[in-house]
Amino acid sequence: MKMKIVVLALGLILLSAAGLWGCGRDRELAKVSVDDSLPKIQKAKVINESGSPISSTENDTSEAKELIALADTREEAEEIAELYEIDLSSYSYGVATYTTDKNTQELIELGAEKGYPALTPSYSLELHTEQTTN
């Protein structure tokens, strides 16, 4: 029992010495200040298929041409496509992607009325930043 206490005390002494020796004596605290040399970040913009930004008033579900839904199997994803009469683009890891030229908001409302699996619009979001150089 005495040996354990001696080892513990010696360990604490060595850790303290290593901490003091590693930090040094003439260290200064770094001061953090906010200045204007850091890049400014702008709001994220929704980009449509042509690559131009969509304003917030245009950013509704009728603009999306792609829809997504959760499905356990590819067969289930194909059944969802038949229910909504839309095209299945891809299926991977339980997520089905569909394309349509129909009004997506009307499709979503139709699914809610009839109890179909839920569809969600698929948007691409990009973060634009403005960098300043001094």
Side-chain angles (χ1 to χ4, degrees):
M1 180 72 172
K2 280 187 171 182
M3 186 59 132
K4 287 182 183 179
I5 294 174
V6 170
V7 169
L8 181 60
L10 184 59
L12 288 174
I13 292 170
L14 290 174
L15 281 175
S16 298
L20 292 174
W21 180 67
C23 290
R25 294 182 187 152
D26 298 328
R27 302 283 180 181
E28 292 182 20
L29 292 175
K31 294 183 181 179
V32 178
S33 64
V34 178
D35 59 10
D36 293 330
S37 65
L38 298 173
K40 306 286 186 221
I41 298 176
Q42 296 178 342
K43 290 173 63 176
K45 297 178 184 177
V46 177
I47 306 297
N48 65 13
E49 292 168 350
S50 65
S52 59
I54 299 173
S55 70
S56 61
T57 57
E58 296 172 341
N59 187 11
D60 64 356
T61 54
S62 62
E63 293 291 325
K65 297 294 181 190
E66 252 186 12
L67 297 162
I68 56 173
L70 299 177
D72 292 330
T73 63
R74 183 168 186 85
E75 290 77 24
E76 184 181 343
E78 290 168 354
E79 289 173 10
I80 294 170
E82 289 175 16
L83 286 173
Y84 285 99
E85 297 177 358
I86 56 179
D87 299 319
L88 176 64
S89 299
S90 66
Y91 174 79
S92 180
Y93 297 103
V95 178
T97 305
Y98 304 94
T99 55
T100 184
D101 55 352
K102 298 178 182 180
N103 184 316
T104 56
Q105 184 61 39
E106 290 175 7
L107 286 172
I108 292 169
E109 290 170 3
L110 171 75
E113 284 176 18
K114 298 205 176 201
Y116 295 163
L119 292 176
T120 305
S122 176
Y123 289 111
S124 296
L125 296 178
E126 293 183 17
L127 180 65
H128 296 273
T129 59
E130 174 185 329
Q131 296 184 2
T132 59
T133 56
N134 292 341

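- Residue pairs satisfying the salt bridge (charged side-chain N to carboxylate O under 4.0 Å, His left out) criterion with at least one member in residues 107-118, sequence neighbours excluded, are absent.
- Under the side-chain hydrogen bond (donor to acceptor under 3.5 Å, both in side chains) criterion, E76 pairs with no residue at all, not counting sequence neighbours.
- Atoms CD1 and OG, from I68 and S89 in turn, are 12.0 Å apart once rounded to the nearest 0.5 Å.
- Not counting sequence neighbours, the partners of E78 by the side chain to side chain contact (heavy atoms under 4.5 Å, CB included) test are R74, L88.
- Applying the salt bridge (charged side-chain N to carboxylate O under 4.0 Å, His left out) test to pairs two or more places apart or on separate chains, those with a residue in residues 82-91 are E85-K102.
- The hydrophobic clustering, which links ILVMFWY residues whose side-chain heavy atoms are closer than 4.5 Å, places L83 and L107 together.
- Rounding to the nearest 0.5 angstrom, the gap separating the CG atom in L10 from the CD1 atom in I5 is 13.5 Å.
- Taking 4.5 Å as the limit, some side-chain heavy atom of L119 sits within range of a side-chain heavy atom of I86.
- Contact annotation: the side chain of T120 never approaches that of L67 to less than 4.5 Å [non-hydrogen atoms, C-beta and beyond].
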Checklist entry - After noting the C-alpha distance and the side-chain angles of E66 and T97, does the key distance pass the side chain to side chain contact (heavy atoms under 4.5 Å, CB included) rule? => result CA-CA 7 Å; E66 252 186 12; T97 305; 3.8 Å; yes
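- Residue A69 comes nearest to A118 through the heavy atom pair CB-O, 3.4 Å, listed as atom of the first residue, atom of the second, then distance.
- Within the structure, ring pair (Phe, Tyr, Trp, His ring centres under 6.0 Å) pairs that include any residue of residues 66-104 comprise Y84-Y116 (at least two apart or interchain).
- When all heavy atoms of A77 and A96 are compared, the pair lying nearest together is CB-CB, 3.6 Å.
- Here T99 contributes atom OG1 and K65 contributes atom NZ; the two are 10.5 Å apart, rounded to the nearest 0.5 Å.
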